[in-house]
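In what follows, a structure is listed as structure tokens, so that the remarks can point back to it.
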There are 2 protein chains.
Amino acid sequence: MGISKTEIFTDEQNRLAVLFKALAHPARIAILQRIIIANTCICGDLVGELGLAQATISQHLKELKSAGIIQGTIEGVSVCYCIDPEAWKLMERYFSEFMASYKPTPSCC
Amino acid sequence: MGISKTEIFTDEQNRLAVLFKALAHPARIAILQRIIIANTCICGDLVGELGLAQATISQHLKELKSAGIIQGTIEGVSVCYCIDPEAWKLMERYFSEFMASYKPTPSCC
DNA sequence: ATAATCAATCGTAATATTACGATGTAATGG
DNA sequence: CCATTACATCGTAATATTACGATTGATTAT
């Protein structure tokens with residue numbers, strides 16, 4: 001086995017899991033924080049700033065991109081990455097809705 | 001390789017990644033939603049409601065517990081799980097702070 | 001005490017992730 | 001055109017995750 005049974009879950013559950021998974025690595029958190037601070041970000045800069053190989057950074061960027069969180073545009077010989085504003089807004093809404101669905105109650109085990 | 005280099009990242013980055021990772025599976029989202037709706041939740045119920053084996057559910061519960069998100073107390077012959085209110089509040093704050101750290105700007109690639 | 005029940009853990013197979021060197025590819029500069 | 005630069009992709013090794021049957025451990029019921 002080892003393969004998640006996504007078909008038995010709702011679209012909402014799968015969608016949330018995909019987004020959380022994209023953020024489930026410190027390198028990807030660091031990359032996003034870097035992009036947020038600098039507004040836009042050249043891939044090469046990340047290689048210097050985080051202590052990871054170029055191939056590894058590229059792989060993490062690909063995951064963030066395939067989750068739809070960031071977008072990259074070719075800028076001459078380099079690639080400029082930035083947050084996808086719409087996707088971020090949507091993600092923020094999904095997360096806050098999920099988090100807000102729990103209301104603490106006195107009767108807990 | 002295959003082992004994350006957590007030592008090169010900040011505590012904040014690692015802490016966020018651990019929390020996101022705990023939520024990075026649809027079964028764990030489903031379990032949490034179930035616990036939230038029912039307020040508290042017996043492990044056996046989950047086995048019936050989700051289409052997963054008892055061992056699998058137990059493993060997912062363990063991950064949620066080790067991330068500190070839920071807590072379980074022995075209730076006779078079964079175990080009653082519920083959200084850890086303090087942990088949830090903290091997680092909510094971490095997530096919203098992280099999400100809010102991005103402010104969309106007009107100048108994007 | 002014995003049986004029954006519930007949940008945790010063990011063992012294991014299938015698959016996914018992580019990391020990096022090496023190689024490929026596309027654009028700029030000479 | 002050829003070299004350089006920047007990034008992506010390939011290949012691969014180490015490790016982690018996912019799922020489940022089987023077993024164990026603990027608690028209640030008889």
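Fair warning: this is a prediction, and the values are worked out from it, not measured in the lab. Convention: sequence-line order gives letters A, B, ...; per-chain numbering from 1.
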**Asked** A/I8 CD1 to D/dC20 C1': how many Å, rounded?
**Response** 13 Å
**Prompt:** Is a side-chain donor or acceptor of A/R28 paired with a backbone partner of A/K21 at a separation under 3.5 angstrom?
**Reply:** yes
**Request:** Whole angstrom is fine here: how far is it from CD1 in B/I70 over to C1' in C/dA8?
**Result:** 13 Å
**Message:** Looking at A/K89 and A/E86, is any side-chain nitrogen of the basic one under 4.0 Å from a carboxylate oxygen of the acidic one?
**Reply:** yes
**Whichever of A/T6 and A/G44 has its nearest DNA chain D nucleotide further upstream toward 5'** = A/G44
**Message:** Under 4.0 Å, heavy atoms only, any strand: does A/I57 hit a base, just the sugar-phosphate, or nothing?
**Reply:** nothing
**Prompt:** Between atom CG in A/L64 and atom C1' in D/dC7, what is the gap in whole Å?
**Reply:** 16 Å
**Asked** Between B/D84 and B/I69, is there a donor-acceptor pair closer than 3.5 Å when you use the side chain of the first and the backbone of the second?
**Response** no
**Asked** Does a nitrogen or oxygen in the side chain of B/H60 sit under 4.0 Å from OP1 or OP2 of D/dA19?
**Response** yes
**Fill in**
Distance col, row B/M91:CE vs B/Y94:OH, nearest 0.5 angstrom, shows 11.5 Å
**Item:** Side chain B/W88, main chain A/M99, donor-acceptor under 3.5 Å
**Value:** yes
**Item:** Nearest-nucleotide pick for B/S4, side chain only, options being C/dA19, D/dT18, D/dT9
**Value:** C/dA19
**Prompt:** Which residues, if any, of residues 20-35 of chain A bring a heavy atom under 4.0 Å of DNA chain C?
**Reply:** A/K21, A/H25, A/R28
**Fill in**
Taking C/dA19, D/dA19, C/dC6 as options, the one with an atom nearest any side-chain atom of B/S78 is C/dC6
**Asked** Starting at the 5' end of DNA chain D, which residue's closest nucleotide do you reach first, B/I3 or B/L52?
**Response** B/I3
**Message:** Could you check whether atom CD1 of A/I8 has more than 12 heavy atoms from other residues, nucleotides or ligands sitting under 6.0 Å from it?
**Reply:** yes
**Message:** At less than 3.5 Å, do the side-chain atoms of A/Q59 and the base atoms of C/dC20 form a donor-acceptor pair?
**Reply:** yes
**Asked** Out of A/I31, A/L32, A/I70, A/L64, which one pairs with A/Y81 under the side-chain contact (heavy atoms from CB on, under 4.5 Å) rule?
**Response** A/I70
**Message:** Between A/T10 and A/Q13, do the side chains contain a donor N or O and an acceptor N or O under 3.5 Å apart?
**Reply:** yes
**Complete:** Contact string for nucleotides 21-30 of chain D, one letter per nucleotide 5' to 3', B = base within protein heavy-atom range under 4.0 Å, S = sugar-phosphate only, - = neither, reads BB----BS--
**Request:** Give B/S58 one of three labels, base, sugar-phosphate or nothing, depending on what nucleic acid heavy atoms sit under 4.0 Å from its own.
**Result:** base
**Request:** Give the rounded distance in Å between these two atoms: CG of A/D45 and C1' of D/dC7.
**Result:** 13 Å
**Item:** Gap between atoms NZ and P, on A/K65 and D/dC7 respectively (whole Å)
**Value:** 12 Å
**Message:** C/dA8, OP1 or OP2 - any side-chain N/O from B/Y81 closer than 4.0 Å?
**Reply:** yes
**Message:** From CG of A/L46 over to C1' of C/dA19, roughly how many Å is that when rounded to an integer?
**Reply:** 16 Å
**Prompt:** For residues B/T105 and A/N39, is any side-chain donor paired with an opposing acceptor at under 3.5 Å?
**Reply:** yes
**Request:** May I have the distance from A/L61 (atom CG) to D/dC7 (atom P), rounded to whole angstrom?
**Result:** 9 Å
**Message:** So does B/L52 get a backbone contact from the side chain of B/T56, meaning a donor-acceptor N/O pair under 3.5 Å?
**Reply:** no
**Message:** Let's see if you can work this out: which of C/dT9, D/dC7, D/dT9 has an atom nearest to the side-chain heavy atoms of B/K62?
**Reply:** C/dT9
